[in-house]
Each structure stands twice: as structure tokens, then as C-alpha cells.
Amino acid sequence: MAEPVFVADSGNWDEARLGTLHRLCAHHGIATHYHDAWGQYRQVAPDSLLALLSEFDPAAATSEALDAALARADASRWNAPLSPVVALQEDDPRWSVVLCLPTDTTALHWQLRDESGQPCHGETLDAQTLPLLEEATRAGVVWQRRQLTLELPLAPGYYELQVDGLDCDAPQHALVVCAPRRCYRPPALRDGRRVWGLAVQLYTLRSEHNWGMGDFGDLADLVRTMALRGSDLIGLNPLHALFTHNPAHASPYSPSSRRVLNVLYIDVPAVAEFSTCEAARTHVASEPFQQRLARLRQIRLVDYSGVAAAKLEVLALLYAHFVRQHLGTDGSARDAHAQDFLDFVAQGGAALQAHARFEAIQARQHARDAQVWGWPAWPTALRDPAGQAVAQFAREHADEVRFHLYLQWIAAHQLAQVRSACLAHGMRVGLYLDLAVSVDRGGSDAWGAQDCLATAASVGAPPDEFNPNGQGWGLPPLRPDRLRQQRYRLFIDTLRSVMRSADALRIDHVMGLMRLYWIPGGASARDGAYVHYALHEMLAIVALESQRNRCMVIGEDLGTVPDEVRAALTQMDVLSYRLLYFERSVDGGFVAPERYPAAALAAVSTHDLATLAGWWSSHDLEQRLRLGLYPQEVLFERQLLERAEQRVRLLLALRHAGLLSAQAVAAAAGSTQLPPEVLLAVHAYLASTPAAVSMVQLEDVLSVRDQINMPATVHTHPNWQRMLPLTLRELAQHEALNALAQRLSAIRPRPALPLGPGAA
């Protein structure tokens with residue numbers, strides 16, 4: 001049967017105008033069609049394409065302006081004398097760069113500098129001897145595009161290629177990224193070795209000593225608990241900075257900055273100043289404050305505003321104590337403790353300073369007007385992070401800016417202590433962190449990189465079985481053209497910042513290294529289109545930063561993944577992300593354990609999908625129906641019937657793997673409550689796969705039915721708020737956790753001697 005073709009209504013667009021539109025889209029990397037989750041061809045509506053084109057060229061906002069826009073696009077191909085970025089792999093014998101130059105250009109000189117700025121190679125040559133790729137006449141001058149090929153194998157690193165003589169006032173420069181052949185893998189995962197770990201949303205942890213949400217102190221306790229039970233890594237939600245002025249903005253996947261930390265995870269009593277600051281200890285010990293903490297610990301949902309108020313008022317006291325005791329009147333260090341702070345600030349550089357300034361400005365603006373939600377609502381003069389108004393603010397409010405630097409110092413120090421605890425307690429991988437796909441358009445990263453973001457579009461996903469209406473995440477996508485023009489400075493800095501604190505990194509929506517689904521401003525998720533990025537260049541940077549930071553990389557490659565992406569990720573040893581729910585054969589059965597790839601992380605679910613108990617009971621389907629997430633009720637009915645079949649298929653898969661008896665299968669088939677033996681068998685099933693990493697979600701261990709986040713809901717569902725039903729003390733004694741850990745450690749045992757750094 002012929003494949004269904006869905007063609008968008010072209011309205012008043014004639015064939016010639018559509019042709020111009022599509023040529024412009026090709027120039028900017030906007031795909032005019034795609035295949036959806038069901039394999040059906042979807043052509044993007046012309047009006048949607050036009051809206052996305054205006055993100056690249058605002059003057060192309062109408063169909064009448066397309067001819068002029070196409071002329072500008074064609075001209076831009078000749079305006080760059082030198083490709084801004086070149087990516088290659090270590091020991092590649094030959095690599096090339098494209099030059100654009102007038103036809104009468106003769107002598108050229110190229111020079112390659114390493115990261116220290118020292119020249120390491122160079123040569124003078126005749127431009128006319130270079131292979132000619134293309135030629136065009138512009139303003140009476142004949143221009144040529146020629147290819148400079150260098151037979152110059154390089155060691156992994158960043159280099160600067162400088163070319164003189166390209167008919168420009170100054171030498172032209174390109175970033176050369178020489179990538180290692182593969183991303184880093186820890187010794188514990190080489191040569192077929194396998195590990196298992198626990199995934200947790202940090203804020204969900206309960207304890208007798210935290211202040212209403214899980215913190216870095218709780219994380220250290222969890223590390224000790226799980227390391228003793230054989231876990232080799234702890235997986236976490238993104239720890240990116242959110243919004244101090246608006247703690248209720250709780251999604252870790254909609255951060256203010258991906259380059260700094262969420263300071264609400266600070267364990268306040270563990271801050272060094274707490275033991276010597278009488279004002280802070282007296283305040284915390286007071287009956288009213290203790291009553292506030294008791295309420296925050298007892299409620300079912302995290303009260304982010306209450307937690308933030310309690311923590312920030314005490315942290316302000318600790319900061320004031322730190323300034324009095326450790327800093328000179330000129331801000332200089334009086335002891336080693338203060339010098340450590342100043343060193344941290346210096347190492348954080350401009351990005352850290354910019355975030356602290358953003359926080360201080362936003363706090364002031366929000367205090368004046370509670371409707372000020374982010375930098376686009378600030379006075380015009382303050383919207384430029386490099387402007388005089390911001391510099392003046394930083395001078396006049398230096399103490400407020402330094403307070404936010406202090407908070408980042410404390411958070412980074414406590415997270416580093418947790419990472420050290422992983423090693424001390426024998427974990428062979430350590431902390432497994434998460435990198436969100438983008439940032440909130442009102443936050444500090446967007447403020448500092450305004451020219452690198454699409455201003456009106458949002459990142460999302462087209463409709464699929466789990467989200468029939470599609471998804472719009474409200475986050476601005478990075479512009480691929482500006483990323484390249486700026487030599488990927490923001491991307492590199494972001495990777496380094498997160499990998500610095502991680503032993504493994506999950507890149508959310510890893511397909512974004514090649515393409516992202518852009519939704520025009522004001523449009524629905526059904527009206528988007530894919531925009532393409534330079535996969536080869538971005539993946540080269542990922543591999544280089546992975547090796548330099550000794551950080552393993554996992555790519556969240558769920559959904560429709562182009563073959564090109566799969567092949568590139570596999571070649572660079574980025575682990576695939578395989579979920580039980582989606583690993584199905586053609587007949588609908590669950591894929592046998594031995595058919596999972598070795599270069600993968602295997603898990604049951606993730607934060608955006610049903611927990612195992614919720615899936616088993618169809619609680620997730622009921623929730624979606626209640627929230628109006630089905631465009632038609634018949635879709636709910638169909639999925640309900642399919643779920644009943646899927647439960648039986650899962651039981652049969654567990655039975656065929658020798659993990660359940662026939663009697664257990666028969667008993668479980670008629671139960672809407674997840675039986676403990678099925679919970680154990682499911683995780684044993686995944687642990688028995690060749691996948692390098694097998695992860696267990698803490699909500700699944702405790703048979704929690706509500707999923708962490710319900711996509712396409714913001715105010716109608718308590719996303720990112722539910723705490724776990726047990727405290728850490730109770731968790732350590734929990735029968736299901738201990739039984740599961742024992743089973744997984746038997747399947748994936750640690751070696752008799754722990755593997756040290758650099759072990760073979």
C-alpha cells in the first residue's frame with residue numbers, strides 16, 4: 001500500500017514563490033518536510049517556514065520579501081573569506097578549509113596556533129594552485145571559492161587557523177577542532193564490563209535534616225547508602241541554575257543558566273561559616289524557624305518558595321559573616337578560605353560574573369515590580385550585558401553581585417564533595433548529570449547570548465503516540481549559523497561547565513546535535529519544522545570535552561532518530577539511551593535482553609514517561625485523559641486496550657528469560673497492582689542485557705504511580721514537585737531496595753579489587 005502523504009495547505013503560495021521559499025529554507029538549514037513517529041511524510045506549511053525564516057533574516061517576514069532575502073542569502077556565501085570552523089579527528093592525514101577570494105589573489109600565508117597561542121605550523125603558497133570549487137561575479141569582481149587542503153595530522157585539541165592575503169583588512173581566523181576518535185569511558189566500562197546505578201530527582205529526597213527538599217547533604221548520604229549496596233553511579237536531574245527571584249519556576253529543564261548550579265541544593269548547615277556564625281545559628285534554632293522547617297519537611301509537594309525563603313535568609317547571614325571574617329575592605333583575601341573563593345571567581349570568568357550580575361539586577365527589578373519576569377522586561381539600558389548601565393550597576397551593587405558569586409562557590413564546593421564521596425565509597429563511575437536541551441528565554445544564559453538564540457521560536461517535538469498534540473517546551477533554540485560564526489564558544493563553555501562536576505553526562509535530546517524541531521512563535525507543536533546543525537562539528541567538540549574532562553557521554557536518543565545521527569553517535573562511543581517501554585520487536589513483543597546494544601544505557605522509564613507502577617496500572621493514561629491531553633477519546637480507548645496486551649507481553653518476556661514462574665505470570669496478569677516479584681524481574685531483565693549501564697529509577701523501586709513530569713502540562717499538574725514517600729533513613733532499610741540491589745549486584749558484580757584511575 002502506498003505511503004500516506006500529508007501535504008500542508010499552501011494557501012496563496014504559487015509554485016514559483018514556493019520554490020523561492022524552499023531555496024531559502026535550504027540555505028538556512030530549515031527542512032521543508034519530515035517523517036513523523038509513524039513514518040508518515042509531513043510537509044511543513046509555507047507560513048510556518050516563513051515564520052522560521054524570519055528568525056534568521058527578520059527582513060524575510062513576508063512572502064513579498066523573499067526574492068530580496070534569497071539574494072542576500074546567495075551573497076552571504078561569498079562574504080565569509082574563511083570557514084569559521086573546521087572539524088577533524090586525531091591523526092587524520094588530510095583536512096580542508098574553504099577560502100573565498102578575488103580571482104586575482106596570488107600569495108596566501110596560513111599559520112596554525114595551538115591553545116597557548118604559539119604558532120605550530122605555517123606556509124606561504126600561491127592561491128591559484130588551490131582547487132577551484134566555484135566562481136561568481138559580484139559588483140564586477142570575479143570571486144572564487146577554493147579549497148585549502150593541509151596534510152597535517154594533529155593531536156586532539158583546539159587550534160586557530162590564521163590566513164593572510166584574502167583581500168581583507170585583517171587576517172582571517174577559523175577554529176580548528178581536532179577530536180579524539182571516541183568519547184571517554186571509565187575503566188569500569190571498558191572491555192565489556194557493566195555497572196548499575198540509581199536515578200533520582202534530587203529535590204525529591206526526604207530526610208530529617210534537610211530544609212524541605214533534597215540537597216547536596218542528602219545526596220552524599222544517598223551515595224553512601226547505594227555504594228554499600230553495589231551501585232556504581234547516581235543519576236540526577238539537571239542541577240542547572242533556575243530563578244532565585246521565582247523559586248516556583250521549578251522545571252530543571254527550563255533553566256536560567258546551564259553553566260552554573262541551582263543554589264537551592266545547598267545544604268545550609270554544612271556551609272563552613274555556619275559553625276562560627278552566631279547570628280545564623282541563633283536564627284535557625286529559634287522556635288518560629290524550626291516550625292517553618294518542620295512544615296516544609298512534612299508536606300507532600302516541595303514548597304519551593306518556602307524553601308528558598310528559609311535558605312536565602314540564612315545564607316545572607318553566612319555571606320555577611322564570610323565578608324567580615326575573611327575579606328579585606330578592598331575585597332582581597334585575608335586567609336586561605338577567602339583565597340579559595342577568589343580563585344573560584346577567577347576560574348569562573350565572564351560567564352560566572354554575568355550570571356551573578358543577572359541575579360542581582362533581576363532581584364532589584366522584581367522587587368520594584370513583581371511582573372518583571374526576566375531580562376526582556378528590564379529597562380532597555382540593562383538589557384545589554386556589555387553595556388555601561390550594567391557595568392555601573394555592578395559597581396554600585398558590588399556586594400549584591402558578590403553574594404551570588406558566594407552562593408555558586410558554596411554550591412560547587414558541596415557538589416565536588418559529593419563527587420569525592422563517590423570515589424571514597426568505591427563507586428566506579430560516580431555522578432551522572434543531565435544537560436538540558438536549552439535555557440529559559442528570560443534567564444541569564446539568554447541574556448548573555450541574545451544574538452545566538454532564536455527570539456520567538458521554541459524547541460519542541462512533533463506529535464507522537466505518547467503526546468498526540470506534540471510538545472512545545474517554550475525554550476528558545478540556538479541558531480546554528482550564529483553558533484558557527486561565534487566558533488561554538490557558548491556550546492563549549494556549557495559542556496565544560498557541566499562536565500567539570502560530572503563523571504557521566506546525559507545530553508537531553510541528543511538529536512539536537514544534528515537537528516531540532518522549531519515551533520514558530522504563537523504556533524502549535526503541529527506547525528513546526530526541523531532546523532539542522534553541523535553534527536560533525538558539534539560531536540567533535542563533545543568528544544574532545546569528554547576526554548579532557550574524563551566524562552562519559554550518554555545521548556538521549558528517544559523518538560525518531562535519523563540514521564546519520566545513530567551512526568555518528570556509535571562511531572564516537574556516545575552511549576545510546578534504551579528504555580524498556582520502547583524496545584519492542586515488529587510483532588509488538590519486548591526485545592530479548594541479548595538484543596540490547598552493548599554501547600547503551602538501559603532503563604525502564606524516564607522523568608517524562610510513566611513510572612513502572614503507573615504504567616502497569618494504566619494510571620498514566622487515566623491522568624492524560626483527566627488533563628485533556630487526548631485530541632480524541634477513541635485514542636485513549638485504543639491505548640488502554642494496547643496497555644493490557646503490553647502487560648501480558650512483558651510478563652511473557654520475563655517468563656521466557658527465566659525470571660518468572662508460570663504461576664507468577666498467571667497471578668500477575670490479573671493484577672492492576674505491580675507485584676514485587678515483577679518489579680524485581682523487570683530490573684533483572686535489563687541488568688542481564690549487554691548494555692554497559694543499567695539504571696533504576698527510585699520512584700520505580702518505591703512503586704510510585706505518578707510520573708515526575710507530565711509533558712504538555714504546566715499549571716494543571718504538579719510537575720517537579722512530588723517528594724518521595726520515604727526518608728533516606730527509611731529508604732536504607734527498605735526491603736524492595738535491598739532485595740533489588742542484591743539481585744543487580746549479583747548480575748553485575750564489582751571486581752574483587754576496585755578499579756583505580758587509569759586501570760586497564
Side-chain angles (χ1 to χ4, degrees), residues 87 89-90 156-158 177-191 193-197 199 232-240 253 258-259 419 422 427-438 488 490-514 516 533-559 561-562 564-579 596-603 606 691-695 757:
Q89 288 191 326
E90 60 179 319
Y158 297 106
V177 184
C178 182
R181 292 287 174 182
R182 304 171 77 81
C183 289
Y184 174 78
R185 273 217 203 185
L189 290 175
R190 297 174 192 165
D191 303 322
R193 300 184 182 113
R194 303 174 303 163
V195 299
W196 71 273
D232 278 311
L233 68 163
I234 298 290
L236 297 164
N237 55 284
L239 302 180
H240 309 320
Y253 289 92
R258 298 189 293 177
R259 294 181 287 178
R419 193 178 178 199
C422 293
M427 284 192 169
R428 294 180 297 156
V429 178
L431 292 185
Y432 161 36
L433 304 187
D434 205 340
L435 178 67
V437 68
S438 186
Y488 292 102
L490 178 61
F491 183 60
I492 293 169
D493 192 32
T494 299
L495 284 176
R496 283 178 180 170
S497 298
V498 183
M499 287 182 171
R500 193 178 297 128
S501 302
D503 300 290
L505 178 68
R506 173 187 180 270
I507 299 179
D508 188 39
H509 203 69
V510 74
M511 290 85 77
L513 298 178
M514 175 183 170
L516 279 177
Y533 296 74
L535 173 65
H536 179 54
E537 294 170 359
M538 297 187 77
L539 198 51
I541 292 168
V542 169
L544 180 54
E545 293 300 327
S546 168
Q547 288 286 356
R548 288 189 163 187
N549 291 280
R550 298 175 63 83
C551 181
M552 178 173 66
V553 180
I554 299 102
E556 189 267 286
D557 53 352
L558 304 177
V561 184
E564 181 183 350
V565 173
R566 286 259 193 235
L569 295 177
T570 300
Q571 182 181 9
M572 298 299 270
D573 201 25
V574 174
L575 298 192
S576 183
Y577 195 70
R578 299 302 176 100
L579 298 186
Y596 277 65
L601 178 150
T606 184
V693 181
S694 177
M695 294 298 292

Take L569 and V561 through the test side-chain contact (heavy atoms from CB on, under 4.5 Å) and record every step on the way to the result.
CA-CA 11 Å; L569 295 177; V561 184; 5.6 Å; no
Here's a test for you: under side chain to side chain contact (heavy atoms under 4.5 Å, CB included), which of D508, V553, T494, V510 qualifies with L435?
T494
Straight-line distance of L236 CG to R506 CZ, nearest 0.5 Å
12.0 Å
May I have the step-by-step check of side-chain contact (heavy atoms from CB on, under 4.5 Å) for V693 and M552, ending in yes or no?
CA-CA 11 Å; V693 181; M552 178 173 66; 4.2 Å; yes
Could you measure the distance from the CD1 atom of I554 to the CG atom of L505? Nearest 0.5 Å is fine.
7.5 Å
With sequence neighbours excluded, tell me which residues meet side-chain hydrogen bond (donor to acceptor under 3.5 Å, both in side chains) with R181.
Q89, D92
CG on L189 to CG on D573, rounded to 0.5 Å
9.5 Å
Report the C-alpha distance between D503 and L431 in whole Å, list the side-chain angles of each, state the deciding distance to 0.1 Å, and finish with yes or no for side-chain contact (heavy atoms from CB on, under 4.5 Å).
CA-CA 5 Å; D503 300 290; L431 292 185; 4.0 Å; yes
Please, which pairs that meet salt bridge (charged side-chain N to carboxylate O under 4.0 Å, His left out) have at least one residue in residues 533-542, sequence neighbours excluded?
R484-E537
Could you tell me the separation between the CZ atom of R566 and the CE atom of M511, rounded to the nearest 0.5 Å?
8.0 Å
Kindly compute the distance separating CD1 (I234) from OH (Y432), expressed to the nearest 0.5 Å.
12.5 Å
Non-neighbouring partners of Y253 that pass ring-ring contact (aromatic ring centres under 6.0 Å, His included), sequence neighbours left out:
H607, W720
With rounding to the nearest 0.5 Å, note down the distance linking CZ in R578 to OG in S694.
14.0 Å
Check: Y577 main-chain N/O paired with D557 side-chain donor or acceptor under 3.5 Å:
yes
For D232 and R428, indicate whether the former's side chain and the latter's backbone hold a donor-acceptor pair under 3.5 Å.
yes
Applying side-chain contact (heavy atoms from CB on, under 4.5 Å), run through L575 and R185 and close with a yes or a no.
CA-CA 10 Å; L575 298 192; R185 273 217 203 185; 3.5 Å; yes
